[in-house]
There are 2 protein chains.
Amino acid sequence: MGIADDAVEIRAHGWRTLAALHALIENALERVLQGEHGLSVVEYTVLDALARQDGRHMRMRRLARAAALSNSAATRLVTRLEDRGLLTRVLCADDRRGIYTELAPAGLELLERARPTHDRVLREALAEAGGTPELAPLVGALRGLEPRPLP
Amino acid sequence: MGIADDAVEIRAHGWRTLAALHALIENALERVLQGEHGLSVVEYTVLDALARQDGRHMRMRRLARAAALSNSAATRLVTRLEDRGLLTRVLCADDRRGIYTELAPAGLELLERARPTHDRVLREALAEAGGTPELAPLVGALRGLEPRPLP
DNA sequence: GATTTTCCGTTGCGTGTGCAACGAGCGCAG
DNA sequence: CTGCGCTCGTTGCACACGCAACGGAAAATC
């Protein structure tokens, strides 16, 4: 049992903890967002990512990366949201291979209606995880991550 | 923009970072474990959890919780692994509703063959994430999580 | 300028998943 | 002992996903 073995075990433990916390939060979000707004977590993530983007548009490839999805999954996800009128496909002018997905007004509206729910559930899930001895340290570490590192 | 809004944004940012790192690691593990050992990440997780358990057995419900799966998914996952001879179903003596899933020798063997791969890919994925400014802080925090808190 | 290579988004296919409904077995109140 | 509520694991169903293959468009190579 050397130092190297310890490092391996620390990484494995960190990964198990990360996965457990991720599953806890995602399941909670999935349940409530689906029930109250008809949105899955990935769908919310995509709408949110689009809203944060300048011009509210994004290329498919970027969108797939942002949501950690395959190309095919991104295509169908965008199709679903487009059918619901939450976003629109816009062809690229300069690169005719590319397709922009642009957030529609209805999409922005739904997003802003769902955001308080999202934030509330996230806060509750983190609080619950903070009460679990196994997860508490990671929850604490998450608080230290600043969106914009202070100068 | 008050302190409360900052807290909300910090939580949201923490969640996005957590999700991104989780996806990065899981995709890397999935690709390699599937390619080299025919195991998905969930399957590896279940075998690993069983191996860590005293007596190498576990009830379905516990197993489902450990892998963050629904009951139905656990049932089918166990069925798949049982069909491959990696574990066996054993009926509970005291509670005839319950079913133990016990790690078979072939399962333990496959697990120990896959473990080095798992650890290597995990190390590489964390190293790669450590090079990303957005993910590096969380990777660093993960190192601070001790499997057994020192006295 | 023509040809090859690479990239982008879409589609057919197989598969793993969650939800809801179900039967079987335990435990408690009466 | 009998009925009722609850837990446990399984199954039908719909659905979202990844992979591989495809056509179209830009980039690279000659």
Legend entry - Base-contact (B) and sugar-phosphate-only (S) positions in nucleotides 20-29 of chain D, heavy-atom cut-off under 4.0 Å, - elsewhere: ----BBS---
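- One end of the helix from C:dG1-D:dC30 to C:dG30-D:dC1 points its axis 30° away from the other end's axis, with each axis taken from 5 pairs and the angle rounded to 10°.
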Under 3.5 Å donor-acceptor pairs involving side-chain atoms of residues 118-145 of chain A, not counting sequence neighbours:
unit_1	atom_1	unit_2	atom_2	d
A:Glu134	OE2	A:His13	NE2	3.2

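- Checked against salt bridge (Lys or Arg N to Asp or Glu O under 4.0 Å), A:Arg62 has no partners two or more places apart in sequence or in another chain.
- Within residues 39-62 of chain A, the residues having any heavy atom closer than 4.0 Å to DNA chain C are, in order of number, A:Arg59, A:Met60, A:Arg61.
- Here A:Arg61 pairs with A:Asn71 under the side chain to side chain donor-acceptor pair (under 3.5 Å) rule; sequence neighbours left out.
- Among residues two or more places apart in sequence or in another chain, the salt bridge (Lys or Arg N to Asp or Glu O under 4.0 Å) test is passed with A:Arg52 by A:Asp48, B:Glu9.
- Within residues 15-30 of chain A, no residue is approached by DNA chain D to less than 4.0 Å at the level of any non-hydrogen atom.
- Listed by first and then second residue, the salt bridge (Lys or Arg N to Asp or Glu O under 4.0 Å) pairs involving residues 65-80 of chain B are B:Glu43-B:Arg80 (not counting sequence neighbours).
- Aromatic rings from B:His22 and A:Trp15 are positioned such that their centres are separated by under 6.0 Å.
- Every residue meeting the side chain to side chain donor-acceptor pair (under 3.5 Å) condition with A:His37, not counting sequence neighbours, appears here in chain and number order: A:Thr117.
- Along DNA chain C, read 5' to 3', the first and last nucleotides having any atom under 4.0 Å from a heavy atom of chain B are C:dG16 to C:dC26.
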Would you mind writing out the side-chain donor-acceptor pairs for residues 87-101 of chain A within the sub-3.5 Å range, not counting sequence neighbours?
unit_1	atom_1	unit_2	atom_2	d
A:Arg89	NH1	A:Glu82	OE1	2.7
A:Arg89	NH2	A:Thr75	O	3.3
A:Arg89	NH2	A:Thr79	OG1	3.2
A:Asp95	OD1	A:Arg97	N	3.0
A:Asp95	OD1	A:Arg97	NE	3.2
A:Asp95	OD2	A:Arg97	NH2	3.1
A:Thr101	OG1	A:Met58	O	3.2

